[in-house]
Amino acid sequence: MEQMKRTHACGALRASDAGQTVTLNGWVHRTRDHGGVAFFNLRDHSGITQVVVDQDAPSELQEVAGGLHMEYCVAVEGTVRKRPDAMVNSDMATGEIELAATRIDVLSTCEPLPFMIDERSDARDDLRFKYRYLDLRTAAMQRKIRLRSEVMQAVREYLTGQNFVEVETPTMIKSTPEGARDFLVPSRLHPGTFYAMPQSPQLYKQILMVSGFDRYFQLAHCFRDEDARGDRQLEHTQIDLEMSFVSKDDVFEVVEGMMGNVFRRALGVELPATFERLPYDEAMNRFGSDKPDLRFDLELQDFVPFVEGSGFGVFEGVVSSGGTVKVLVVPGQADYSRKQITELEDVAKTYGAKGLAWTKVRAADGDANAEETGDASGGLTLDGGIGKFFAPRADEIAAALGAGDGDLLLFVADGWKVATTALGAVRSRLGRDLELAEPGTFRFAWIVDFPLFEYNEDEGRWEAAHHMFTMPQEQYIETMEDDPGAVKGDLYDLVCNGYELASGSIRIHDPALQSRIFRIVGFDEEEAQRRFGFLLEAFKYGPPPHGGIAPGLDRLVMIMAGEDSIREVIAFPKTANGLSPMDDSPSPVDPKQLEELGLRLAPKKE
RNA sequence: GGGGGUGUAGCGAAGUUGGUUAUCGCGCCGGCCUGUCAAGCCGGAGAUCGCGGGUUCGAUCCCCGUCACUCCCGCCA
């Protein structure tokens, strides 16, 4: 029997097609058998059409229809028919018509499903991943994976239009462990040696600049053997790009144009032509994060000016030992309960804060506390928590912070990094709890002027905050050995809605400068040669000044899809634990495979 | 590596201050039904309450361990 090929997609037919004889191919979405007349919905990725088998249809046809079950794959031939007015389903795009079947071929049958192919289905992730092919049949997943495809095409369209060349780099490379753990691939031909899967094509794309491909890009798979998160997988995809003879402004311009094209084409959303720039220090001081969600205000403020002489020993102690006190004014939330504040305090403590101090701004009139707190101005007072220490200056403080009656004040006192980070985490939590960010909006920003080095307390040495090939900013170069912590790098992040979307830098192309960086992070020449010798060798042959960036494709699509996990926009993701329930990987291998590779498993640790 | 939440029928959930037939919706099986569209009505099957151990006369419930999913810290140049 010849297969009935489709003439239309399941979401395509409209009232204007009435009278046509058509064939649809798809999956049985639901069946409704009335004994006489029978209906079923036929679905493909484009939509759903109701098929009707009339009461007076041939008994053979009725029999086939009666035997249909969910997710049978079928071909239906029939006549498009306008529905009677009362039967029109305005919730369906095809709701004005139905297909009166004249022939139904069952192309394949389907066993009872582990979960329903339905927007309402909310199966656990491991089950969805085990049966990912079924999960992907849902309209929601179809939408997201197709969005991803659209984004990739928009990226290629824009970058190739800007004279970028797409170059593939190897998936098996030399292990250059510096940041994350490498995934290793044992070599059979050279037992005892290993390839690594790239954490990113970083060194290769820099070498491509030496090669004269002055604008390179690649949709690159990157692998990092670290614990996963909702926005992190063991393997992910970067829109990796690199350019020669550029400053960071040139890189920004390309990415702004690319994002504009992506959002325009894939979502029909118009982004600003340029994104605002926020120095790292300012981002930390105002938002307590180097990837702030700028869709809402709720900014951190400096409380140090009010600490001296307050008599509140905790704050005074922190300030006198060089720390800082940050405050968050939460408008209108003075009715927050102790329990809610304790929950926020737990958030702050997670990030190293010793506590979360609080008080509430109240109108002072009629307040029994007003006299004993010495506030006779009749304006505002600070009520509860640490309020009594600062109530005498309540009006002054409120004015300086822009706070008013009914506001909640939250404080963290600690070293600068902890105080800003911890209160920033509280800000993020409040943003979620109070739903301050409008869904469906996108706020991009460049974070610039990052420190080039960070001090590693555990190992007692400086290390590269980004990577070792990042150019220090001009004004720090001469004296950078004196105070590495003060050096700002020519590196930048692109953030959107509280996520780090991209990270990049202008690279060092001067071997002498590169050697100084190696020395600061404690790399001797031999170590540098062993790890990066091939790059340093390449840089002996006329390397151009260059820089680049690598936006994360998964996070980008996640944000565009309104999801909060990249698993939702990856066709075949791993679980948070790094497992793949569908193919059951990772898995043990045949001892013979190990033998060929010259590997022997260590006994399991007790 | 550490902390929080979750795990009850194929799926999603309820439940038990520790008590003998573990509940509901969807799905599945059988029957009825001429217009439904999350069809409806009647009947039925289906659960070692994640797994292992402990406490107890008795554990799905309490305790310990373990596995899985998930969120967070660490980690992620």
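Just so it is clear: chains get the letters A, B, ... in the order the sequence lines come, proteins before strands, and each one is counted from 1. Everything numeric here is computed off the predicted structure, so don't read it as measured data.
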Legend entry - OP1 or OP2 of B/rU36 under 4.0 Å from side-chain N/O of A/Arg30: no
Inset, instruction - May I ask you to say what A/Gly35 touches in the nucleic acid, namely base, sugar-phosphate or nothing, with a heavy-atom cut-off under 4.0 Å? - result: base
Legend entry - Nearest-angstrom distance from the residue atom CG of A/Asp135 to P of B/rC11: 14 Å
Inset, instruction - May I ask you to say what A/Asp227 touches in the nucleic acid, namely base, sugar-phosphate or nothing, with a heavy-atom cut-off under 4.0 Å? - result: base
Inset, instruction - Could you work out the separation of B/rC67 and B/rA14 based on their P atoms and round it to a whole Å? - result: 26 Å
Inset, instruction - Rounded off to whole Å, could you give me the CG-to-C1' distance for the A/Leu68 and B/rG27 pair? - result: 17 Å
Inset, instruction - Looking at every strand, decide which applies to A/Ile48 at a 4.0 Å heavy-atom threshold: base, sugar-phosphate, or nothing. - result: nothing
Legend entry - Side-chain-base donor-acceptor pair under 3.5 Å for A/Arg229 and B/rG74: yes
Inset, instruction - In whole angstrom, give the distance that lies between atom CG of A/Asp584 and atom C1' of B/rA68. - result: 13 Å
Legend entry - Integer angstrom distance from the C1' of B/rG50 to that of B/rC37: 38 Å
Inset, instruction - Would you mind classifying the nucleic acid contact of A/Gln199 as base, sugar-phosphate or nothing, using non-hydrogen atoms under 4.0 angstrom? - result: nothing
Inset, instruction - Could you tell me whether A/Ala38 contacts a base, only the sugar-phosphate backbone, or nothing, with contacts defined as non-hydrogen atoms closer than 4.0 Å? - result: nothing
Inset, instruction - Among the candidates B/rA68, B/rG12, B/rC29, find the nucleotide nearest to the side-chain atoms of A/His69. - result: B/rC29
Inset, instruction - Between B/rA59 and B/rC49, how far apart are the P atoms? Round to whole Å, please. - result: 11 Å
Legend entry - B/rC72 OP1/OP2 closer than 4.0 Å to side-chain N/O of A/Thr350: no
Inset, instruction - Quote, to the nearest angstrom, the P distance that separates B/rG2 from B/rC64. - result: 16 Å
Inset, instruction - Rounded to the nearest angstrom, tell me the gap between atom CD in A/Glu71 and atom C1' in B/rG10. - result: 15 Å
Legend entry - Nucleotide nearest A/Asp125 (side chain, heavy atoms from C-beta), chosen from B/rC11, B/rC37, B/rU70: B/rU70
Legend entry - Cationic N near anionic O, under 4.0 Å, A/Lys574 to A/Glu235: yes
Inset, instruction - Would you please name every residue forming a side chain to side chain donor-acceptor pair (under 3.5 Å) with A/Glu71, sequence neighbours left out? - result: A/Arg43, A/Arg137
Inset, instruction - Please report, rounded to the nearest Å, how far the P atom of B/rU6 is from the CG atom of A/Asn577. - result: 19 Å
Legend entry - Sugar-phosphate only, base, or nothing, as touched by A/Arg83 at under 4.0 Å among non-hydrogen atoms: base
Inset, instruction - Determine whether A/Thr237 and A/His221 make a side-chain contact, defined as any pair of heavy atoms from C-beta on separated by less than 4.5 Å. - result: yes
Legend entry - Distance-only donor-acceptor test (3.5 Å): side chain A/Asn41, base B/rC37: no
Inset, instruction - Indicate whether A/His34 forms a stack on B/rA39; treat it as stacked only if centroid distance is below 5.5 angstrom and interplanar angle below 30 degrees. - result: yes
Inset, instruction - For B/rA39, take OP1 and OP2 only and decide whether either is under 4.0 Å from a side-chain N or O of A/Arg32. - result: yes
Inset, instruction - Measure from the side-chain heavy atoms of A/Asp126 and tell me the nearest of B/rC11, B/rG35, B/rC69. - result: B/rC69
Inset, instruction - Establish whether the base of B/rG10 is bridged to the side chain of A/Arg124 by a donor-acceptor pair shorter than 3.5 Å. - result: no
Inset, instruction - Look at all strands and tell whether A/Arg429 reaches a base, only sugar-phosphate, or nothing, counting heavy atoms closer than 4.0 Å. - result: nothing
Legend entry - Position toward the 5' end of RNA chain B (nearest nucleotide), A/Gln202 or A/Asp231: A/Asp231
Inset, instruction - Determine the Euclidean distance between corresponding C1' atoms of B/rG7 and B/rC76; express it in Å to zero decimal places. - result: 29 Å
Inset, instruction - Would you please say whether a donor-acceptor pair under 3.5 Å links the side chains of A/Tyr476 and A/Asp483? - result: no
Inset, instruction - Under 4.0 Å between any heavy atoms, over every strand shown, what does A/Ser200 touch: base, sugar-phosphate, or nothing? Just pick one. - result: base
Inset, instruction - Could you tell me whether the phosphate oxygens of B/rC75, OP1 or OP2, come under 4.0 Å of any side-chain nitrogen or oxygen in A/Arg232? - result: no
Inset, instruction - Name the nucleic acid region contacted by A/Arg555, choosing base, sugar-phosphate or nothing; use a 4.0 angstrom heavy-atom cut-off, strictly under. - result: nothing
Legend entry - Distance, rounded to the nearest Å, where A/Glu96 contributes CD and B/rC37 contributes C1': 15 Å
Inset, instruction - Please work out if A/Asp91 contacts a base, only the sugar-phosphate, or nothing of the nucleic acid, heavy-atom cut-off 4.0 Å. - result: nothing
Legend entry - B/rU66 and B/rG25, which share atom name P, separated by this distance in whole Å: 39 Å
Legend entry - Whichever of A/Met70 and A/Arg567 has its nearest RNA chain B nucleotide further upstream toward 5': A/Met70
Inset, instruction - Taking only the side-chain nitrogens and oxygens of A/Asn89, find out if one of them lies under 4.0 Å from OP1 or OP2 of B/rU36. - result: no
Legend entry - B/rG10 to B/rG27 separation - C1' atoms, rounded to the nearest Å: 7 Å
Legend entry - Electrostatic pair A/Asp493:A/Lys291 at N-O distance under 4.0 angstrom: no
Inset, instruction - Would you mind classifying the nucleic acid contact of A/Met92 as base, sugar-phosphate or nothing, using non-hydrogen atoms under 4.0 angstrom? - result: base
Legend entry - Ring centroids of A/Phe39 and B/rU36 base under 5.5 Å with planes under 30°: yes
Inset, instruction - Tell me which nucleotide among B/rC33, B/rU70, B/rG7 gets nearest to the side chain of A/Thr575. - result: B/rU70
Inset, instruction - Determine whether A/Met471 and A/Lys248 make a side-chain contact, defined as any pair of heavy atoms from C-beta on separated by less than 4.5 Å. - result: no
Legend entry - Base paired to B/rG7 (Watson-Crick or G-U; both N/O distances under 3.5 angstrom): B/rC67
Inset, instruction - Could you check if a side-chain atom of A/Leu536 sits within less than 4.5 angstrom of a side-chain atom of A/Gln529, using non-hydrogen atoms only? - result: yes
Legend entry - Residue matched to B/rC32 through Watson-Crick or wobble contacts both under 3.5 angstrom: B/rG40
Inset, instruction - Measure distances between side-chain N and O atoms of A/Glu98 and base N and O atoms of B/rG35, and say whether any donor-acceptor pair falls under 3.5 Å. - result: yes
Inset, instruction - Remember a base hit wins even if backbone is also touched, and classify A/Tyr351 as base, sugar-phosphate or nothing at under 4.0 Å, heavy atoms. - result: sugar-phosphate
Inset, instruction - With heavy atoms under 4.0 Å as the rule, sort A/Gly230 into base, sugar-phosphate or nothing. - result: sugar-phosphate
Inset, instruction - Answer with base, sugar-phosphate or nothing: what part of the nucleic acid does A/Asp225 contact at a heavy-atom distance below 4.0 Å? - result: nothing
Legend entry - Euclidean distance for C1', B/rU36 against B/rG4 (whole angstrom): 47 Å
